[in-house]
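A short worksheet on the structure shown next.
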Amino acid sequence: MDMIQGIKERRSIRRFKDMPVPRETLEEIVEAASYAPSWKNSQTVRYYIADRKELLDQIATEECLMGFRHNMNIIAGSPALVVLASVAGRSGYERDGSSSTAKGSHWESFDAGAAAMAFCLAAHEKGLGTVIMGIFDEDKVRQVIRLPEDQRISALISIGYPDEEPKVPPRKAPKELMSFL
């Protein structure tokens, strides 16, 4: 697939077919996403994949998703969910723990965002749909998946075979988004 075409065609998918995603396919997607850029090549992003119904149901609760029904329904109907996490205190910091820039931990989110998009584009290439979700209680999800203490959750990403074809939402014109200096 042409990369620009893939960027333009990829959509957030919120309804999935009742078909499991092979673990080998998920591994190929994570392998591709591992090439996303990161602060000083720190590669701190981690992909925790829940593909068992019991675990998905434990995450798709009022407590874990702060009562946000929309995300509860998406996750409950997903064949798999990626809990995207990052090793804390490394992106944007020197090895001695001092901050490298005034942005501090901002780079952790930046790296996670780049990795999430790489993951979603690789999934799209494989015929899978994804949606990135940000409304969740980090401590509750952490407990359910037993996330190591040195990591923070950046996002939840549902993944599966699409059971919908969302239309392209309106896009701003490049002239609204850029300025030549």
Side-chain angles (χ1 to χ4, degrees), residues 1-60 64-65 70-88 90-91 107-136 138 141-142 144-148 150-166 168-169:
M1 172 184 306
D2 174 82
M3 191 173 310
I4 291 177
Q5 175 188 350
I7 291 168
K8 289 180 176 182
E9 290 180 353
R10 189 227 155 249
R11 296 282 159 269
S12 291
I13 301 297
R14 294 170 176 86
R15 286 196 327 259
F16 303 94
K17 293 179 181 174
D18 187 18
M19 295 171 50
V21 178
R23 287 185 169 190
E24 299 79 33
T25 302
L26 292 166
E27 191 171 321
E28 290 170 5
I29 294 166
V30 169
E31 193 270 333
S34 75
Y35 284 84
S38 63
W39 175 268
K40 295 186 177 182
N41 195 34
S42 57
Q43 301 179 52
T44 59
V45 173
R46 303 294 184 263
Y47 305 82
Y48 294 94
I49 301 173
D51 63 354
R52 292 180 296 111
K53 181 71 173 143
E54 310 82 55
L55 187 53
L56 290 165
D57 288 344
Q58 286 179 353
I59 297 170
C64 285
L65 300 177
H70 189 61
N71 285 358
M72 292 166 64
N73 293 336
I74 291 169
I75 294 171
S78 299
L81 177 74
V82 176
V83 178
L84 189 77
S86 297
V87 176
R90 295 212 6 229
S91 290
W107 287 103
E108 183 179 308
S109 296
F110 188 88
D111 287 357
M117 193 65 209
F119 180 91
C120 291
L121 288 170
H124 179 67
E125 171 75 15
K126 298 275 185 190
L128 294 163
T130 55
V131 64
I132 301 170
M133 297 169 282
I135 300 175
F136 57 88
E138 183 172 3
V141 176
R142 169 186 296 284
V144 170
I145 70 165
R146 297 184 179 111
L147 186 73
D150 69 335
Q151 296 179 29
R152 289 192 280 243
I153 300 172
S154 300
L156 305 178
I157 306 173
S158 280
I159 182 169
Y161 294 97
D163 198 22
E164 64 177 344
E165 290 184 34
V168 179

Please find the pair of heavy atoms, one from Ala123 and one from Ile29, that lie closest to each other, and give the distance. CA-CD1, 3.7 Å
Can you confirm whether Ser42 sits close enough to Asp111 that some side-chain heavy atom of one is under 4.5 Å from a side-chain heavy atom of the other? yes
Got Ser86 and Trp107 here, is their nearest side-chain heavy-atom distance under 4.5 Å? no
For the residue pair Val141 and Leu147, establish whether any side-chain heavy-atom pair is separated by less than 4.5 Å. no
Gap separating the SG atom of Cys64 from the CD1 atom of Ile145, nearest 0.5 angstrom: 9.5 Å
For residues Arg142 and Pro148, report the shortest heavy-atom separation together with the two atoms involved. NH1-O, 3.0 Å
Flag, side chain of Lys53 to backbone of Pro79, donor-acceptor distance under 3.5 Å: no
Around Phe110, counting heavy atoms of other residues, nucleotides and ligands shown, do more than 12 lie under 6.0 Å from its CZ? no
Taking every non-hydrogen atom, the tightest pair across Gln58 and Val144: OE1-CG1, 3.5 Å
Reported CD1-to-CE distance for the pair Ile75 and Met133, which is rounded to 0.5 angstrom: 4.0 Å
Identified side-chain contact (heavy atoms from CB on, under 4.5 Å) counterpart of Ile159 within the set Thr25, Leu26, Leu81: Leu26
About how many Å separate OH of Tyr161 and NZ of Lys126, when rounded to the nearest 0.5 Å? 9.5 Å
Could you check if a side-chain atom of Lys8 sits within less than 4.5 angstrom of a side-chain atom of Ile4, using non-hydrogen atoms only? yes
Are more than 12 heavy atoms from other residues, nucleotides or ligands located less than 6.0 Å from atom CD of Glu165? no
pair Ile135-His70: side-chain heavy atoms closer than 4.5 Å: no
So do the side chains of Val30 and Ile49 get within less than 4.5 Å of each other, counting heavy atoms only? yes
Do any N or O atoms from the side chain of Arg10 and from the backbone of Gln5 form a donor-acceptor pair under 3.5 angstrom? no
Donor-acceptor contact present, side-chain Arg11 to main-chain Gly129, <3.5 Å: no
Using side-chain heavy atoms (C-beta onward) and a distance below 4.5 Å, is Thr130 in contact with His124? no
Count the heavy atoms of every other residue, nucleotide or ligand shown that sit under 6.0 Å from CD of Glu9, and state whether that count exceeds 12. yes
In terms of heavy-atom contacts, Ser154 and Ala112 come closest through OG-CB, 3.3 Å
Is the side chain of Ser12 donor-acceptor paired with the backbone N or O of Val131 at a distance under 3.5 Å, no angle test? no
Taking the side chain as every heavy atom from C-beta outward, state whether Ile132 and Ile157 have any pair of such atoms under 4.5 Å apart. yes
How long is the gap from OG on Ser78 to CG on Asn71, to the nearest 0.5 Å? 9.5 Å
Here's a test for you: under side-chain contact (heavy atoms from CB on, under 4.5 Å), which of Tyr48, Tyr47, Phe119 qualifies with Leu84? Tyr47
For Asp51 against Ala80, the heavy-atom pair lying closest together: CB-CB, 4.2 Å
If you measure from CD1 on Ile153 to CZ on Arg46, what distance do you get to the nearest 0.5 Å? 14.5 Å
Interatomic spacing from OG in Ser158 to CZ in Arg15 - rounded to 0.5 Å: 13.5 Å
Would one find more than 12 heavy atoms of other residues, nucleotides or ligands at under 6.0 Å from atom CG of Asp2? yes
